[in-house]
> 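Before anything else, here's the structure in question.
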Amino acid sequence: MTFDRSIKIAPSILSADFADFGREIQAIEAHGADWVHVDVMDGHFVPNITFGPPAVAAFRSHVRTFMDVHLMIAPVDPYIDAFAEAGSDMITAHVEAGAHIHRTLQAIRAAGCKAGVALNPGTPAAAVENLLDLADMVLVMTVNPGFGGQKFIDMTAKISAIRAMIGDRPIHIQVDGGVTPETSPLVARAGADVLVAGSAVFKGGSVGDPAPYGANIRAIRAAAQAA
Ligand code: DX5
Ligand code: ZN
């Protein structure tokens with residue numbers, strides 16, 4: 001996939017029907033999703049448990065776009081190969097998840113995936129400064145990770161600082177948490193290009209009636225593009 005800074009919408013299937021992931025993935029892609037965002041939680045790094053590598057491999061068989069796997073687990077390193085083999089296009093790990101994020105990013109690339117590095121709201125921009133040569137994306141969390149549907153935390157100053165640090169390097173900035181048509185312009189203006197949204201994409205729709213997914217994706221994208 002060629003690099004560009006156009007706005008990309010990555011619906012989080014954390015807000016999908018857990019009994020029907022295959023059709024949910026097909027529905028969001030048919031209705032304008034650019035990437036599919038997969039939230040992996042371990043009940044240890046974050047206070048919630050979602051899915052492991054076999055489930056992610058099953059999602060893969062439905063994803064036609066780009067499978068973006070956000071690991072909220074600690075430790076990370078013992079599971080990188082399994083998530084790579086599950087078909088992840090990008091694997092994102094948190095700087096807070098262990099002492100050796102630099103090694104983790106090297107291992108993600110060595111496994112053949114794009115590498116993302118994530119920052120919780122309490123972690124400063126400077127935490128990624130020495131990692132940019134190993135990163136294809138920086139994920140700025142705008143909620144404390146663990147659950148969908150939380151209130152947006154304003155991280156625009158951090159996004160702008162990271163955007164300046166990146167310069168003309170081909171590194172995406174992703175924002176995750178509380179993204180809606182109201183908040184997407186703020187993060188886009190600050191320099192984010194990949195917008196994750198769970199509840200704001202899936203609200204009002206279902207696999208039986210997926211048209212609202214399309215309207216929701218278009219509303220988030222249009223507001224960000226107008227920023
Ligand atoms: C939070 C997850 C997010 C979450 C976003 O821990 O990483 O991807 O699903 O959900 P919304 O868009 O509902 O805040
Ligand atoms: Zn996420």
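Both ligands and their constituent atoms are indexed starting at 1 by order of listing. Atoms considered below: every heavy atom in the structure, side chains included; atoms not considered: hydrogens, waters and symmetry mates.
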> Establish, from distance only, whether the side-chain atoms of His70 and Asp176 form a donor-acceptor pair under 3.5 Å.
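On atom types as modelled, these side chains qualify, holding a pair under 3.5 Å.
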
> Consider every N or O of Ser12 and every N or O of ligand 1, then say whether any pair is closer than 3.5 Å.
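Between Ser12 and ligand 1 (N or O atoms, distance only) the closest approach is under 3.5 Å.
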
> Is there any N or O on Gly198 that sits under 3.5 Å from an N or O of ligand 1?
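Yes; at least one N/O pair falls below 3.5 Å.
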
> I'd like to know if Lys8 and Asp68 make a salt bridge, using a cut-off of under 4.0 Å between side-chain N and carboxylate O.
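Looking at Asp68 together with Lys8, the answer is no, because their closest N to O distance does not fall below 4.0 Å.
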
> Rounded to 10°, how many degrees is the angle NE2/His37-the Zn ion (ligand 2)-OD1/Asp39?
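It rounds to 90°.
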
> State whether the shortest distance between N or O atoms of Gly177 and N or O atoms of ligand 1 falls below 3.5 angstrom.
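Checking ligand 1 against Gly177, no N or O pair falls under 3.5 Å apart.
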
> With under 30° as parallel and over 60° as perpendicular, where do the rings of Phe51 and Phe18 fit, or are they tilted in between?
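Rings of Phe51 and Phe18: tilted, 30 to 60°.
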
> Got a sec: does the OH of Tyr79 have more than 12 other heavy atoms crowding it under 6.0 Å?
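No, not enclosed.
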
> Any N or O of Met141 that comes nearer than 3.5 Å to an N or O of ligand 1?
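N/O-N/O distance under 3.5 Å: no.
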
> Checking Arg23 side chain against Gly208 main chain: does a donor-acceptor pair fall under 3.5 Å?
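Side chain of Arg23 to backbone of Gly208, a donor-acceptor pair under 3.5 Å: no, none is there.
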
> Do the side chains of Arg169 and Asp133 get close enough for a salt bridge, i.e. N-O under 4.0 angstrom?
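Counted as a salt bridge, because a side-chain N and a carboxylate O are separated by less than 4.0 Å.
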
> Would you say Asp39 and ligand 1 have an N/O pair spaced under 3.5 Å apart?
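For ligand 1, there is an N or O atom that lies under 3.5 Å from one belonging to Asp39.
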
> Would you compute the distance between atom NE2 of His94 and atom CG of Leu71 and round it to the nearest 0.5 angstrom?
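So the NE2 of His94 and the CG of Leu71 are separated by 8.5 Å.
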
> Should the proximity of Pro145 to ligand 1, defined as any heavy atom under 4.0 Å, be assigned to the side chain, the backbone, both, or neither?
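The part of Pro145 near ligand 1 is both the backbone and the side chain.
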
> With the Zn ion (ligand 2) at the apex, how many degrees lie between OD2 of Asp176 and ND1 of His70, rounded to 10 degrees?
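Rounded to 10°, it measures 90°.
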
> Nearest heavy atom to atom 7 (O) of ligand 1: which of Thr180, Asp176, Val201 does it belong to?
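That would be Asp176.
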
> So, regarding Val196 and ligand 1 (criterion: nitrogen or oxygen to nitrogen or oxygen, under 3.5 Å), is there a contact or not?
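There is no such contact.
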
